[in-house]
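Written below as structure tokens is the structure these notes are about.
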Amino acid sequence: MTFKILLEEIYLNIQKIIDELDLPQISFVVEPTKLNFGDVTCNVSFLLAKHLKKKPYEVAKIISEKYQPYLGKLIKKVDAHQSGYINFFANYSQLNTIILKASVKDDYGFLDLGKKSRIVIEHTSVNPNKALHIGHVRNIVLGDTVARILRQTNFDVKVLNYIDDSGLQVADIIVGFKYGGFSENPPPGQKFDQYCGDVVYVKTTEKYSSNPDLEETRKKVLQSLEDEKSDIAKFAEKITKKVLSDQLKTCWKLSASYDCLNFESQIIRSGLWKQVFEKMKEMKLTHLEKEGKNANCWVIKGEKNEEDKVLVRSNGTATYIAKDIPYAAWKLGLLPDPFYYTHYATQENGKILWQTTLDKSTESKQDFTADKVLTIIDSRQSRLQKIITNLMSKFKSDEKAYVHLGYESVTLSSTTAKTLGIDTQGKTTQMSGRKGLYVNADSIIDLLEKKTFEETKKRNPELDEKILQQIAHDVAIGTIRYEMIKQDLDKIITFDLSKSMSLEGDTAPYIQYTHARASRILEKAGFVPNFGVSFELLDNEFEIALIKQIGKFDLQIVDAANNFSPKVIARYCYTLAVTFNAFYEHVKVLDDKNKSLINERLCLVSSFKSTIHNALGLLGILSPNMM
RNA sequence: GGGCCUGUAGCUCAGCUUGGACAGAGUGUUGGACUUCUAAUCCAUUGGUCGAGGGAUCGAAGCCCUCCGGGCCCGCCA
């Protein structure tokens with residue numbers, strides 16, 4: 001029972017008034033006020049003003065008049081404002097108790113939007129030939145956060161990580177190992193994924209321009225990758241699994257987790273493509289081009305002015321997109337599942353991570369398909385994703401079955417590019433794995449951990465090294481996750497090394513710090529606050545403001561879940577933290593002489609603490625008790 | 001040439017889905033607050049023709065149209 005209930009009650013009552021007065025049915029909004037005009041506001045009078053040919057204020061007066069009988073327990077006053085808004089004033093002596101008691105329950109912020117329905121999310125999906133860079137981190141954090149929000153709203157979420165282990169980028173490092181003379185062992189101290197990406201991949205791709213033979217070799221390697229019995233394929237499997245294992249360490253460090261790893265090589269060998277291709281032919285979604293530049297190719301017709309997309313080359317081989325289509329169809333459960341599943345690892349949160357296999361002798365069948373699929377890939381792939389979305393909507397007869405959640409990429413600031421040895425003349429620049437121009441995820445985490453360790457030690461010199469390290473880690477991961485999530489998906493993030501080290505203002509540490517402050521108050525109080533009281537003493541502006549914010553948690557979750565917009569939760573966390581800091585500054589909880597008041601305030605602090613903890617948890621950010 | 005995204009304070013961004021009450025934050029500037037529940041904090045100060053123009057509306061940062069600036073994508077590569 002929270003703000004949401006308030007809104008719903010007012011909405012229903014206004015609807016009743018509309019019916020009673022026989023007014024036209026319109027879709028009005030009841031929402032929390034942004035400014036200091038009561039607690040809840042409604043725009044119905046603006047909308048009705050048009051139909052009734054009256055001024056909004058006149059309509060507001062009529063409706064607020066009619067609302068009088070509905071006033072009572074939760075709403076004590078309704079006011080028709082000059083501007084035309086109808087403003088409602090909550091009865092805090094009642095609402096306080098309701099919100100505070102609800103907020104400390106385990107299920108606070110758990111909403112049943114999904115009704116346990118299955119949703120599959122794919123994210124991360126990094127080529128297994130290099131270490132993760134800061135751009136991949138945006139994908140991982142976005143995907144993981146959306147998964148957390150959907151779980152919180154009672155969806156049965158399964159997270160997939162697609163491993164493109166048979167693509168060109170993998171072929172590149174195989175060429176490097178087999179024909180470029182690179183050792184299979186990295187120099188001491190270097191992670192294998194970093195060695196593959198920073199050294200083998202970069203140096204091998206450099207050689208192609210001066211060595212055309214090597215490019216021929218790459219083509220042959222690429223072909224051999226598809227044949228599971230070839231030595232190249234076996235070797236590649238060994239290498240990519242090693243890279244993958246290192247990449248996953250980074251993902252786990254970022255608090256991300258998965259349910260299943262899907263290997264592209266197995267999708268190719270499974271024969272799923274043939275089935276989908278036949279289906280597409282039947283449904284006339286692809287056709288064989290007779291003439292023109294795509295003669296003898298199977299193509300998908302472009303919409304309007306868009307180019308046709310080649311599916312099968314004139315030599316009969318399938319193109320890149322022909323690997324993605326069966327995978328998408330498989331995720332939607334449109335094809336019989338050819339895979340078996342083996343245990344890859346048990347993750348830190350206790351969840352088992354499975355991996356696909358084609359080996360029938362292995363243990364089990366699992367189900368990682370759903371009627372609803374969310375694929376998280378950056379918007380540079382929007383065009384391809386749009387083709388797949390269209391196809392899937394026809395297969396599934398559902399426009400929204402397959403959703404591409406796109407986001408803008410992470411670019412490097414010119415100063416950061418310069419530290420990597422590239423002069424971009426003041427402009428930001430796209431990262432490039434091939435050129436070795438990127439900021440490595442592990443190294444940025446390390447830098448942040450070092451910095452947060454120093455900051456924490458400065459404030460808590462008496463603390464044990466291990467505890468300091470744990471706090472530093474939680475704050476560092478919080479910082480990087482928050483930076484990746486706080487802006488909208490369609491905004492480019494310009495990554496700057498020095499700016500990313502900021503721990504003040506609108507950052508995770510700011511928010512985490514409020515949690516530490518609240519913990520300390522509760523600790524110093526020396527007793528567990530008693531919630532069995534009426535909370536009528538909490539009536540100053542800081543207390544009320546804080547209770548109000550706490551009561552808005554579930555509204556934000558609904559918004560975030562419906563729009564796949566984790567930023568909403570990030571903004572909520574920040575606003576809630578700001579409100580708490582104002583309270584902290586102006587209300588000395590433990591100083592008061594009135595014991596009952598201290599108790600009620602401690603309840604409020606406790607309520608805040610658990611709400612901010614839950615809200616940060618949705619972002620995959622932990623809340624230390626000390627900082 | 002076509003498609004997608006974007007333009008709000010010096011800088012980085014909310015607000016736009018659902019038009020309505022003085023356009024909000026952070027950072028930066030300048031000044032102030034730690035014998036007090038941790039100053040990773042708070043308070044004050046400074047700062048905006050909401051890219052430009054037009055349209056519909058009683059009313060536009062938001063909706064429609066045109067233009068301008070910036071980014072990304074458009075291979076029988078993956």
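In what follows, every chain begins at residue 1, and chains take the letters A, B, ... in the order their sequences are listed.
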- Could you list the residues that satisfy side chain to side chain donor-acceptor pair (under 3.5 Å) with A:Lys435, not counting sequence neighbours? none

- Query: Considering residues at least two apart in sequence or located in another chain, which fulfil the side chain to side chain donor-acceptor pair (under 3.5 Å) criterion with A:Asp227?
  - Reply: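 If we apply the side chain to side chain donor-acceptor pair (under 3.5 Å) test to A:Asp227, skipping adjacent residues, there are no hits.
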
Would you say [Y] and [X] are linked by a side-chain donor-acceptor pair, where the criterion is simply a distance under 3.5 Å?
X        : Y        : answer
A:Lys609 : A:Ser519 : yes
A:Arg520 : A:Asn625 : no
A:Ser413 : A:Asp496 : yes

- Side chain of A:Lys491 (C-beta onward), nearest among B:rA14, B:rC37, B:rA40: B:rA14

- Message: Side chain of A:Glu585, heavy atoms from C-beta onward: which of B:rC42, B:rU12, B:rU36 has the nearest atom to it?
- Response: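 Comparing B:rC42, B:rU12, B:rU36 against the side chain of A:Glu585, the answer is B:rC42.
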
Measure from [atom1] on [X] to [atom2] on [N] and round the result to the nearest Å.
X        : N      : atom1 : atom2 : answer
A:Leu489 : B:rA14 : CG    : P     : 10 Å
A:Leu448 : B:rA40 : CG    : P     : 17 Å
A:Lys588 : B:rC34 : NZ    : P     : 12 Å
A:His586 : B:rU36 : NE2   : C1'   : 14 Å
A:Ile511 : B:rC42 : CD1   : P     : 12 Å
A:Glu455 : B:rA39 : CD    : C1'   : 12 Å
A:Glu600 : B:rC37 : CD    : P     : 22 Å
A:Gln512 : B:rU41 : CD    : P     : 12 Å

- Any pair counted as side-chain hydrogen bond (donor to acceptor under 3.5 Å, both in side chains), so long as it reaches residues 566-578 of chain A, sequence neighbours left out: A:Asp488-A:Lys567

- Query: According to a strict under-4.0 Å criterion, is A:Arg459 in side-chain N/O contact with OP1 or OP2 of B:rA40?
  - Reply: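 Indeed, a polar side-chain atom of A:Arg459 lies that close.
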
[atom1] gap between [N] and [M], integer Å:
N      : M      : atom1 : value
B:rA33 : B:rU38 : C1'   : 16 Å
B:rC64 : B:rG47 : P     : 34 Å
B:rC5  : B:rG51 : C1'   : 16 Å
B:rG26 : B:rC37 : C1'   : 26 Å
B:rG3  : B:rC22 : C1'   : 41 Å
B:rU41 : B:rU27 : C1'   : 16 Å
B:rG55 : B:rA60 : C1'   : 12 Å
B:rG31 : B:rG69 : P     : 42 Å

- Item | Syn/anti label of B:rC72 as read from its glycosidic torsion, with the cut at 90° from 0 | anti

- Note on the structure: Output row for RNA chain B, stems defined as at least 3 consecutive Watson-Crick or G-U pairs under 3.5 Å, is B:1-7 with B:68-74, B:10-13 with B:24-27, B:30-33 with B:41-44, B:51-55 with B:63-67

- Hey, does A:Val568 reach any base, or is it just sugar-phosphate, or nothing, if we go heavy atoms under 4.0 Å?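 No contact.
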
- Message: Heavy atoms only, 4.0 Å cut-off, all strands: where does A:Asp490 land among base, sugar-phosphate and nothing?
- Response: sugar-phosphate

- Are A:Glu306 and A:Lys386 ion-paired here, with the side-chain N under 4.0 Å from a carboxylate O?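 Yes, this pair counts.
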
Set of residues satisfying ring pair (Phe, Tyr, Trp, His ring centres under 6.0 Å) with respect to [X], sequence neighbours excluded:
X        : value
A:Phe580 : A:Phe583, A:Phe608
A:His473 : none
A:Tyr482 : none

- Note on the structure: In B/S/- notation (B base, S sugar-phosphate only, - none; protein heavy atoms under 4.0 Å), nucleotides 70-78 of chain B written 5' to 3' is -SSBS-BSB

- Item | Sugar-phosphate or base contact per nucleotide [nucleotides 21-31 of chain B; S, B, -; heavy atom under 4.0 Å] | BB--SSS----

- Sequence neighbours excluded, the answer for side-chain contact (heavy atoms from CB on, under 4.5 Å) partners of A:Glu585 is none

- Message: Under the rule for side-chain contact (heavy atoms from CB on, under 4.5 Å), what residues qualify as partners of A:Lys451, not counting sequence neighbours?
- Response: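 With neighbours one apart ignored, the set is A:Glu455, A:Met501, A:Leu503.
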
- Whichever of A:Asp559 and A:Phe46 has its nearest RNA chain B nucleotide further upstream toward 5':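 Nearer the 5' end of the strand: A:Asp559.
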
For residues 320-328 of chain A, run the donor-acceptor check on the side chains, cut-off 3.5 Å, and write out each pair with its distance to 0.1 Å, sequence neighbours left out.
residue  : atom : partner  : partner atom : Å
A:Lys323 : NZ   : A:Glu264 : OE2          : 3.4

